[in-house]
Engineer: 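Let me begin by handing over the structure; questions about it come next.
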Amino acid sequence: MIDGFLALYIFMLAAFTGKEIIGRVPVILHTPLMSGSNFVHGIVLVGAMIALAHADSTLAKVIGFVGVALGAGNAAGGYVVTERMLEMFKSSKDK
Amino acid sequence: MDLQQLLTWIAKASYFLAAVLFILGIKRMSSPVTARKGIVQAGIGMVIATLATFALTGTHNLGLIVLAIAVGVVPTWLWGKKVAMTDMPQMVALFNGMGGGSAAAIGAGELLKFAAPGTTGIPLVTIGLAVLGALIGSVSMTGSVIAWAKLDGRMDKRFTFSGQQAVNFLVFAAAVVAGLALIFWRVEPWLVVLFFTLSLLFGVLMTLPIGGADMPVVISLYNAFTGLAVAFEGYVMGIEALIVAGMVVGAAGTFLTQLMAKAMNRPISGVLFSNFGGGGGGEAITGAQKPIEAADAASLLYMAEKVIIVPGYGMAVAQAQHKIWELSQQLIKAGKDVRFAIHPVAGRMPGHMNVLLAEAGVPYDLIADMDDINPEFKTCDVAIVIGANDVVNPAAKTDKSSPIYGMPILDVVNSRQTIVIKRGKGTGFAGIENALFYADNTRMLYADGKEAANLLGAELKAIEGGGGH
């Protein structure tokens, strides 16, 4: 278990980091960036895997299974569509 | 250090590495030069974190875990590979909903564990964040699914009934009360079920009345929601990588939502609580739309020196972007100055139109943002508007009673001549009449986008070949 105040500091610093790193994103990248950050929260898969690993009752297993499948879908789908979008960004110099 | 400790250490170290890769990846994704590297980097982080997790899970339910991953990955991977670029926004919504659902499932599992008889001494903060993450994740899941269904044309654009706001508020309040009861009273299985039912229902109700035009902002908001839900459930599970990655996405997503709302001149509260996108309102427009034949439009283009093309979502629906690029190349070869003008919210999401044009092969240095191109319309000989409507409507500047008043627009109305390619006389996404279409120097070319681009190209070739008309 993580200490409450330490967690609060992590929350705070991560929030500022999130805002800072996309501070100057041009409009042309809004859609791919939304898609890319959508992929990153697919990390929820890791939490769902651990939850399923600790599941004993049938109900807990079902919930855990759904969680892992959904999380994996978020990560895999999010990666594929973001990668496809970004692959197409070329300047006329690249050709 | 025994084996289990070593495995735990390896997993924790891998999560740290993954968190660093995610942050660097998102940072790179916010510049066009490095964006491609950014997503690959974040992808590597995800693979490392997932593989390292097997060091923690041991062999209990291992088969189930692997099966569940396969069930999640295979269909979404294949679907993501083949989905058309025009359908990207709803795809992002759907994948985001899955993430929200996953966070909600973690919350449900943890809460049911707390509900088991004999479980005591769970800190309030832990229950509180489990409940909060579950609420936000549930709303994000069902809300995203509704957003997907709307954008995918599977249900009505808007669904309203009288007293809707009151009903929504009551359901939300009930979900909050159930959540507070879980935190401060006791964790009972029936209460957990009630809480989730209300939360999931609220996500549906909240998204139903939101019009199609506002959907990008909503999807972006739900993306931020899922990030927060992941961060909170990460705290409950004690996994730092979830806290960091979720929170970074939550903050970046909130900021991105604000940027989008600003680009559309719509306050976020207005998106969520008012009824927009249903049409009506605004002053009546006098005059008539003046049609033009493709041959005449082509001769206008033949005589023009400077041409600005204003594409909208309609162009993408007609899959006309390749043909338009061919026509543009023909014009460039004839020595004309051709640029593409993109409104910040052209397409279905900010930047969506850039993706669609990039797919057709248009280099990004021919594509200009609104602020850069607007002064250029005064010296533009012919502006071609294809599939764009509300974003070129001068009523946004002149008519205070118009629902889109105040929205920044492309000043196509200043161009010497405007050709509007449009299938029929209907109104745009927001259901508002467009004053530009009635302007004296605007001509309407009624045709399907692809067909119009083909016709213009052929007629232009005929004129250049000396055949003429």
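Here is how names work: the chains are called A, B, and so on, in the same order as the sequence lines, proteins then strands, and each is numbered from 1. Because the structure is predicted, anything quoted here is derived from the model rather than measured.
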Engineer: In terms of heavy-atom proximity below 4.5 Å to chain A, should B:Ile69 be classed as side chain, backbone, both, or neither?
Structural biologist: both
Engineer: How about A:Val40 and B:Ile26: do any of their side-chain heavy atoms sit closer than 4.5 Å?
Structural biologist: yes
Engineer: Which pair of heavy atoms, one from B:Asn61 and one from A:Ala55, lies closest together, and at what distance?
Structural biologist: ND2-O, 3.0 Å
Engineer: Does any heavy atom of chain A fall under 4.5 Å from the side chain of B:Ile23, the backbone, both, or neither of them?
Structural biologist: both
Engineer: Could you check which of A:Thr31, A:Ile63, A:Thr82 has the highest count of heavy-atom pairs closer than 4.5 Å to chain B?
Structural biologist: A:Thr31
Engineer: So which of A:Leu52, A:Val68, A:Leu13 has the largest heavy-atom pair count under 4.5 angstrom toward chain B?
Structural biologist: A:Leu52
Engineer: Is any side-chain heavy atom of A:Phe11 closer than 4.5 Å to one of B:Leu129?
Structural biologist: yes
Engineer: Can you tell me how far CD of A:Glu20 sits from OG of B:Ser30, rounded to the nearest 0.5 angstrom?
Structural biologist: 11.0 Å
Engineer: Among B:Met370, B:Lys113, B:Arg28, B:Met85, which has the most heavy-atom pairs under 4.5 Å with chain A?
Structural biologist: B:Met85
Engineer: Give me the atom names and distance for the closest heavy-atom approach of A:Gly67 to B:Ala105.
Structural biologist: CA-CB, 3.7 Å
Engineer: What's the shortest heavy-atom distance between A:Phe39 and B:Met46, and which atoms?
Structural biologist: O-CE, 3.4 Å
Engineer: Looking at chain B, which one of A:Gly23, A:Ala7, A:Pro32 has the largest number of heavy-atom pairs inside 4.5 Å, strictly under?
Structural biologist: A:Gly23
Engineer: With chain B as the partner, which of A:Val46, A:Thr17, A:Ile50 has the greatest number of non-hydrogen pairs under 4.5 Å?
Structural biologist: A:Val46
Engineer: Tell me, side chain or backbone of B:Lys82 under 4.5 Å from chain A's heavy atoms, or both, or neither?
Structural biologist: backbone
Engineer: For chain A, which of B:Leu78, B:Thr57, B:Asn96, B:Ile367 has the most heavy-atom pairs under 4.5 Å?
Structural biologist: B:Asn96
Engineer: So which of B:Tyr15, B:Phe54, B:Trp77 has the biggest tally of heavy-atom pairs under 4.5 Å with chain A?
Structural biologist: B:Trp77
Engineer: Tell me which pairs pass ring-ring contact (aromatic ring centres under 6.0 Å, His included) where either residue lies in residues 41-76 of chain A, with sequence neighbours left out.
Structural biologist: none
Engineer: Please walk me through it: do A:Leu29 and B:Met29 pass side chain to side chain contact (heavy atoms under 4.5 Å, CB included)?
Structural biologist: CA-CA 8 Å; A:Leu29 281 175; B:Met29 273 187 262; over 6 Å; no
Engineer: Would you check, one step at a time, whether the test side chain to side chain contact (heavy atoms under 4.5 Å, CB included) holds for A:Tyr79 with B:Phe95?
Structural biologist: CA-CA 10 Å; A:Tyr79 183 83; B:Phe95 294 146; over 6 Å; no
Engineer: Non-hydrogen atoms of chain A under 4.5 Å away: do they reach the side chain of B:Val40, the backbone, both or neither?
Structural biologist: both
Engineer: In terms of heavy-atom pairs under 4.5 Å, which option from A:Ala75, A:Gly73, A:Ala76 contacts chain B the most?
Structural biologist: A:Gly73
Engineer: Give the intermediate values and the outcome of side chain to side chain contact (heavy atoms under 4.5 Å, CB included) for residues A:Val44 and B:Glu233.
Structural biologist: CA-CA 9 Å; A:Val44 70; B:Glu233 298 304 340; 5.9 Å; no
Engineer: Do you know which of B:Val71, B:Leu242, B:Val125 has the most heavy-atom pairs with chain A at a distance under 4.5 angstrom?
Structural biologist: B:Leu242
Engineer: For A:Ala48, is it the side chain, the backbone, both or neither that has a heavy atom under 4.5 Å from a heavy atom of chain B?
Structural biologist: both
Engineer: Could you give the distance from NZ (A:Lys61) to CG (B:Leu64), rounded to the nearest 0.5 Å?
Structural biologist: 6.5 Å
Engineer: Taking side chain as everything from C-beta outward and backbone as N, CA, C, O, which of these in B:Ser220 sits under 4.5 Å from a heavy atom of chain A? Side chain, backbone, both or neither.
Structural biologist: both
Engineer: Scan side-chain atoms only and decide if A:Ser37 and B:Asn223 contain a donor-acceptor pair under the 3.5 Å cut-off.
Structural biologist: yes
Engineer: How far does CG of A:Asn74 sit from OG1 of B:Thr76, to the nearest 0.5 angstrom?
Structural biologist: 9.0 Å
Engineer: Under 4.5 Å between any side-chain heavy atoms of A:Ile21 and B:Val248, yes or no?
Structural biologist: yes
Engineer: Where do B:Val244 and A:Ile10 land on the side chain to side chain contact (heavy atoms under 4.5 Å, CB included) test, with the steps shown first?
Structural biologist: CA-CA 7 Å; B:Val244 172; A:Ile10 299 178; 3.8 Å; yes
Engineer: For residues A:Gly47 and B:Ile239, report the shortest heavy-atom separation together with the two atoms involved.
Structural biologist: CA-CD1, 3.7 Å
Engineer: Looking at chain A, which one of B:Ala42, B:Ala11, B:Gly101 has the largest number of heavy-atom pairs inside 4.5 Å, strictly under?
Structural biologist: B:Ala42
Engineer: Is there a side-chain contact between B:Val83 and A:Arg84, using heavy atoms and a 4.5 Å cut-off?
Structural biologist: yes
Engineer: Nearest 0.5 Å, what's the CE-CE distance between A:Met34 and B:Met88?
Structural biologist: 13.0 Å
Engineer: Do B:Ile39 and A:Met85 have side chains that approach each other closer than 4.5 Å (heavy atoms only, starting at C-beta)?
Structural biologist: no
Engineer: So which of B:Gly246, B:Gly109, B:Gly43 has the biggest tally of heavy-atom pairs under 4.5 Å with chain A?
Structural biologist: B:Gly43
Engineer: Between A:Glu83 and B:Arg36, does at least one N-O distance fall below 4.0 Å, as a salt bridge requires?
Structural biologist: yes
Engineer: For the CE atom of B:Met98 and the CG atom of A:Leu70, what is their distance to the nearest 0.5 Å?
Structural biologist: 6.5 Å
Engineer: Which heavy atom of A:Ile22 sits nearest a heavy atom of B:Ala252, and at what distance?
Structural biologist: CD1-O, 3.3 Å
Engineer: Is a donor from one side chain sitting under 3.5 angstrom from an acceptor on the other, for A:Asp56 and B:His60?
Structural biologist: yes
Engineer: Could you state the interatomic distance from CG (A:Asn38) to OH (B:Tyr222), rounded to the nearest 0.5 Å?
Structural biologist: 14.5 Å
